[in-house]
Amino acid sequence: MSFPLLTATAAVPAVGAILTAAVPAARRTAAKWLALTVSLVTLVLAGIVFARFEPGGDRYQLTESHSWIKDFGVRYELGVDGIGVALIALTALLIPFVILAGWHDADPLETQSKRWRPTQGFFALILMVEAMVILSFEATDVFLFYILFEAMLIPMYFLIGGFGDRAHSGTDENAAAQRSYAAVKFLLYNLVGGLIMLAAVIGLYVVAGNFSLTEIAEARANGSLEMASSTEKWLFLGFFFAFAVKAPLWPLHTWLPNAMGEATAPVAVLITAVVDKVGTFAMLRFCLGIFPEASKWATPAIVVLALISIVYGALVAVGQRDIKRLVAYASISHFGFIVLGIFAMTSQGQSGATLYMVNHGISTAALMLVAGFLISRRGSRLIADYGGVQKVAPVLAGTFLIGGLATLSLPGLAPFVSEFLVLVGTFARYPVAGIVATTGIVLAALYVLVLYQRTMTGPVKEEVRSMPDLRPRELAVVTPLIALLLFLGVFPKPLTDVVNPAVRHTMSDVQRTDPQPEVPVQNVEAAK
């Protein structure tokens with residue numbers, strides 16, 4: 001293509017971030033509308049990318065390639081496969097809802113100077129994160145991906161540390177310190193992972209002589225890439241460690257509950273529904289694509305870690321007293337399902353894992369954003385401070401219930417399809433792991449239904465008696481997300497058609513085929 005569509009899809013939010021930050025302090029409303037408009041334009045471009053992608057075509061499409069740092073073989077090289085296209089669509093879809101949901105989250109307080117511009121900075125940082133995430137899904141140069149992987153930490157740090165949950169800060173004198181702690185913990189964990197990955201990136205260049213995914217794949221196919229088994233394992237571990245922190249996977253998960261708990265609800269959605277998907281996406285593209293033998297070597301250990309994440313995250317979620325931390329631990333459990341599907345090394349498992357990334361993003365956004373609306377009304381994140389909400393705000397309670405049912409993967413809602421595929425794919429190769437993973441489903445039903453019961457049912461507490469129902473802006477956020485959960489729950493074909501060819505390429509990279517049933521299908525005539 002002569003028009004650089006992939007570059008434009010990332011450049012629009014990047015330029016929009018600069019323009020939003022430059023809006024005068026007195027024009028806060030204009031900054032909000034500008035950010036929303038930019039996010040909608042990005043969504044249109046992402047839709048064009050989705051429409052132009054041909055599932056039966058080349059592995060990487062809409063490619064762009066330009067020399068960047070010639071002496072080191074670094075190129076500005078972009079291309080999308082079906083998995084990247086699906087995640088670009090998810091990112092572009094969620095950002096307008098994040099902006100709408102956070103419409104008043106960064107309005108300056110009366111005590112702040114009139115020259116202070118938190119609103120402009122808040123929305124500019126969101127757009128900058130969107131640009132970096134989209135470009136990371138497009139990058140086919142390992143060094144370019146690494147730069148984006150690390151750079152997105154900077155705006156996320158300021159979003160977590162600088163724009164905390166006001167409902168919490170109004171009741172806790174240590175709120176600023178807690179936000180700072182959460183932001184620093186997020187940054188340090190991800191920086192350590194990134195530094196280890198940098199060593200692996202350098203090692204890959206020494207071995208392969210370039211950073212291009214396509215050239216490395218060609219060299220591996222024709223046998224010109226010589227990589228010792230021990231070298232491949234060490235390089236794999238360097239990449240995987242960074243991605244496991246970002247995902248996050250147990251035991252590298254502890255930064256997520258702090259970050260999601262102290263951030264505003266829209267920023268919490270940005271963390272777990274958008275940014276963290278870069279980690280699981282990279283496992284498919286880089287770990288399995290570049291280091292297939294090492295991926296197979298590490299699979300037993302990674303499957304165990306994924307199972308621990310599933311069960312541990314769900315168990316801890318059951319005991320949570322904080323609504324946002326409950327959603328955070330539930331996400332840790334869900335990321336365990338995603339990693340399990342990836343390393344089950346079956347087409348059903350990897351298709352399910354990719355669908356899980358998309359569906360988890362939508363369901364978590366629905367649940368967390370409604371929870372944010374609830375918390376902003378009551379001024380508390382504690383479950384015990386609620387009760388009887390469905391009697392005074394039935395629409396809020398109803399949307400909260402649908403978001404919760406999607407989180408526990410109720411049949412008919414989008415996450416059920418992806419979780420079912422992950423379990424089927426896991427059972428086919430690792431039956432015991434599949435059995436253990438199903439406990440996550442039971443525990444999910446427990447923590448979601450108990451959360452709903454304690455907050456929405458029972459006697460109406462005095463503090464929630466005057467609670468208003470969802471407003472038009474809030475309905476505009478929640479309604480499309482619920483509609484998507486229903487649509488993809490009964491008709492996931494638009495996503496599976498795009499994702500499945502990319503999964504077949506990944507399975508080919510690791511030279512794996514789906515296991516055949518142990519009991520052969522009997523001939524009907526012979527049976528008669």
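Index from 1, following the sequence.
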Smallest separation among heavy atoms of [X] and [Y], with atom names:
| X | Y | result |
| --- | --- | --- |
| S363 | A406 | CB-CB, 3.8 Å |
| I323 | A371 | CG2-CB, 3.9 Å |
| L249 | S309 | CD1-OG, 3.4 Å |
| L6 | E138 | O-OE1, 3.0 Å |
| L256 | S331 | CD2-CB, 4.4 Å |
| T63 | G79 | CG2-CA, 4.1 Å |

Heavy-atom check, side chain of [X] versus side chain of [Y], under 4.5 Å:
| X | Y | value |
| --- | --- | --- |
| M283 | F343 | yes |
| F50 | I88 | no |
| V269 | T364 | no |
| I160 | R179 | no |
| F163 | L125 | yes |
| P13 | M128 | no |
| K246 | L153 | yes |
| L481 | L94 | yes |

Exam field: side chain [X] to backbone [Y], donor-acceptor pair closer than 3.5 Å:
| X | Y | result |
| --- | --- | --- |
| S508 | R504 | no |
| D469 | V395 | yes |
| R52 | L5 | no |
| K277 | L87 | no |
| E77 | E64 | no |
| D141 | R75 | yes |
| R28 | Q120 | no |
| T42 | A92 | no |
| K32 | W103 | yes |
| S333 | G313 | no |

Using the rule given for side chain to side chain donor-acceptor pair (under 3.5 Å), can you reason through Y76 versus T7, listing the C-alpha separation, both sets of side-chain angles and the distance that settles it, and then say yes or no? CA-CA 10 Å; Y76 176 79; T7 294; 2.7 Å; yes
Are there more than 12 heavy atoms of other residues, nucleotides or ligands under 6.0 Å from atom [atom1] of [X]?
| X | atom1 | answer |
| --- | --- | --- |
| F158 | CZ | no |
| R27 | CZ | no |
| W33 | CH2 | no |

Could you go through F122 and V267, starting from their C-alpha distance and side-chain angles, then the distance that decides it, and tell me whether this counts as side-chain contact (heavy atoms from CB on, under 4.5 Å)? CA-CA 10 Å; F122 180 74; V267 173; 3.7 Å; yes
What residues, two or more places apart in sequence or in another chain, satisfy ring-ring contact (aromatic ring centres under 6.0 Å, His included) together with F186? W255
Starting at [atom1] of [X], measure out to [atom2] of [Y] and round the result to the nearest 0.5 Å.
| X | Y | atom1 | atom2 | result |
| --- | --- | --- | --- | --- |
| I95 | L100 | CD1 | CG | 11.5 Å |
| L159 | D105 | CG | CG | 11.0 Å |
| L191 | Y157 | CG | OH | 10.5 Å |
| T264 | L369 | OG1 | CG | 9.5 Å |
| D58 | H505 | CG | NE2 | 8.0 Å |
| L144 | S212 | CG | OG | 11.0 Å |

Is the gap between the ring centers of H360 and F335 under 6.0 Å? yes
Determine, step by step, whether L127 and I99 satisfy the side-chain contact (heavy atoms from CB on, under 4.5 Å) criterion, reporting the C-alpha distance in whole Å, the side-chain angles of both residues, the deciding distance to 0.1 Å, and the verdict. CA-CA 9 Å; L127 290 176; I99 290 174; 4.2 Å; yes
Applying salt bridge (charged side-chain N to carboxylate O under 4.0 Å, His left out) to E262 and R325, what does each step give before you reach the verdict? CA-CA 9 Å; E262 299 305 324; R325 289 178 69 90; over 6 Å; no
Tell me whether the rings of Y356 and H334 are parallel (<30°), tilted (30 to 60°) or perpendicular (>60°). tilted
Over 60° means perpendicular and under 30° means parallel, so tell me whether F145 and F286 are parallel, tilted or perpendicular. tilted
Using side-chain contact (heavy atoms from CB on, under 4.5 Å), reason through D81 and R285 one step at a time and then give a plain yes or no. CA-CA 10 Å; D81 60 2; R285 173 167 284 190; 3.3 Å; yes
Can you name the one residue among F243, F239, F240 that meets ring-ring contact (aromatic ring centres under 6.0 Å, His included) with F291? F239
Test V133 against E130 for side-chain contact (heavy atoms from CB on, under 4.5 Å), laying out the working first. CA-CA 5 Å; V133 170; E130 179 183 25; 6.0 Å; no
